[in-house]
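Some notes on the structure that comes next.
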Amino acid sequence: MVNCHISDDVKRIALRLKNRRRDSDHEICQLVDFSLSTLYRTLCRNRATGDVTKKLTIGRGRPRKLIHSDCLYLLRLACHKPTLFLDEYSCCLEEYRDLPVSLATIHASFKRAGLNVKQVQKLASECNPMHPANYLISHDEVSKDDRTYACLWGRAPVGQRVEQHDPFVRKRCLSMLAAMALDRGIIAARVLEGSFTHQTFYEFLCDDLLPLTNPYPAP
């Protein structure tokens, strides 16, 4: 007989017929359509456990090489130094916990814990966590003249130049210096004719920007 799943209800019906003692074992097997060995195993299981249902198998498969405390050690190590290679994790386990394991086992442990490989986001080691980004003010200078918006690239047939009539003389030049805060946008700006010099930049800092800032260590 080919192995097949037999419902627990069918096994209980076979036990009721057996307890009724009106039918032989062969007749019971013909009625429920399974073998004598199945009937005897069902009787033995019912006497031993009080039910015909098989107990769920616990711990099926190969035992894991890493126990819970070893996995926690790997997770703490990954939080402390997330850029280690798998062979470096293996060396740490072998050196400090006397546990030689394969790289595949370590990778599977990380995968079960929800850790995957990602691109490293590089942070400046010189950055002071006590001074967040909103403490900083960025400023830049931009200038414009009549030639600013002239296009430098165009399309033409092979062997021919791209020609277009645009202003060739700078004429009047305007420069702008602006300061921007991360949480408030542009907070100060100054526009003048020509380019900024050392003196005009210093005046912008003293007259326009510094009055808007707070003394250290306030943001």
Side-chain angles (χ1 to χ4, degrees), residues 1-136 182-183 217 219:
M1 180 180 292
V2 180
N3 292 331
C4 61
H5 176 72
I6 301 175
S7 173
D8 293 336
D9 295 334
V10 176
K11 296 177 182 179
R12 293 188 180 97
I13 292 173
L15 289 182
R16 291 177 185 175
L17 294 175
K18 180 70 175 176
N19 294 331
R20 194 173 60 172
R21 296 181 180 179
R22 295 181 182 178
D23 303 305
S24 63
D25 294 345
H26 291 281
E27 292 174 343
I28 294 173
C29 291
Q30 290 178 357
L31 290 173
V32 297
D33 194 22
F34 56 62
S35 62
L36 279 174
S37 59
T38 303
L39 176 62
Y40 295 149
R41 285 196 301 269
T42 304
L43 290 171
C44 293
R45 186 180 300 116
N46 185 63
R47 294 192 189 103
T49 63
D51 197 3
V52 299
T53 305
K54 293 182 179 180
K55 290 185 178 181
L56 296 177
T57 304
I58 300 176
R60 177 179 293 179
R62 298 178 59 184
R64 292 183 178 177
K65 194 72 174 290
L66 298 177
I67 59 177
H68 183 64
S69 60
D70 299 327
C71 294
L72 290 180
Y73 171 75
L74 277 178
L75 294 179
R76 289 195 299 267
L77 194 60
C79 291
H80 178 64
K81 294 194 67 175
T83 56
L84 291 178
F85 293 101
L86 291 179
D87 55 347
E88 294 176 308
Y89 289 113
S90 178
C91 292
C92 291
L93 287 174
E94 188 171 0
E95 181 177 357
Y96 298 110
R97 301 185 72 87
D98 195 20
L99 187 63
V101 294
S102 64
L103 304 185
T105 301
I106 298 175
H107 174 73
S109 301
F110 283 142
K111 188 174 181 180
R112 283 193 297 268
L115 273 68
N116 53 7
V117 180
K118 301 178 181 179
Q119 187 175 4
V120 177
Q121 181 181 1
K122 188 179 293 186
L123 304 176
S125 58
E126 298 84 3
C127 180
N128 190 343
M130 299 298 296
H131 300 157
N134 58 355
Y135 277 49
L136 302 177
L182 183 64
D183 54 346

**Q.** Test side-chain hydrogen bond (donor to acceptor under 3.5 Å, both in side chains) applied to S7 - qualifying residues, sequence neighbours left out
**A.**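 Once residues adjacent in sequence are excluded, S7 has no partner under the side-chain hydrogen bond (donor to acceptor under 3.5 Å, both in side chains) criterion.
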Q) Residues in side-chain contact (heavy atoms from CB on, under 4.5 Å) with R20, at least two apart? A)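 So R20 forms a side-chain contact (heavy atoms from CB on, under 4.5 Å) with L17, R22, D23.
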Q: Kindly write out the residues that satisfy side-chain contact (heavy atoms from CB on, under 4.5 Å) with R16, not counting sequence neighbours, or none if the list is empty.
A: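 R16 satisfies side-chain contact (heavy atoms from CB on, under 4.5 Å) with no other residue.
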Q | CG on L66 to CD1 on I106, rounded to 0.5 Å | A |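 Reported value, rounded in 0.5 Å steps: 7.0 Å.
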Q) Which value, rounded to the nearest 0.5 Å, describes the distance between H26 atom NE2 and I28 atom CD1? A)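 So the NE2 of H26 and the CD1 of I28 are separated by 10.5 Å.
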(Q) Can you confirm whether more than 12 heavy atoms, excluding those of N116, are under 6.0 Å from its CG atom? (A)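 Count over threshold, so yes.
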May I have the list of side-chain donor-acceptor pairs in residues 42-51 shorter than 3.5 Å, sequence neighbours left out?
from	atom 1	to	atom 2	distance (Å)
T42	OG1	T38	O	2.7
R45	NH1	V52	O	3.4
T49	OG1	R45	O	2.7
T49	OG1	D51	N	3.4
T49	OG1	D51	O	3.0
D51	OD1	R12	NH2	3.3
D51	OD2	T53	OG1	3.4

Expected list for residues 74-94: side-chain donor-acceptor pairs under 3.5 angstrom, two or more places apart:
from	atom 1	to	atom 2	distance (Å)
E88	OE1	F85	N	2.7
Y89	OH	K81	O	3.3
S90	OG	V101	O	3.3

Q) Which residue pairs satisfy the salt bridge (charged side-chain N to carboxylate O under 4.0 Å, His left out) criterion with at least one member in residues 100-118, sequence neighbours excluded? A)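 Pairs touching residues 100-118 that pass the test: none.
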Q: List in chain and number order the residues that pass salt bridge (Lys or Arg N to Asp or Glu O under 4.0 Å) with K18, two or more places apart in sequence or in another chain; answer none if no residue qualifies.
A: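 Only D25 meet the salt bridge (Lys or Arg N to Asp or Glu O under 4.0 Å) criterion with K18.
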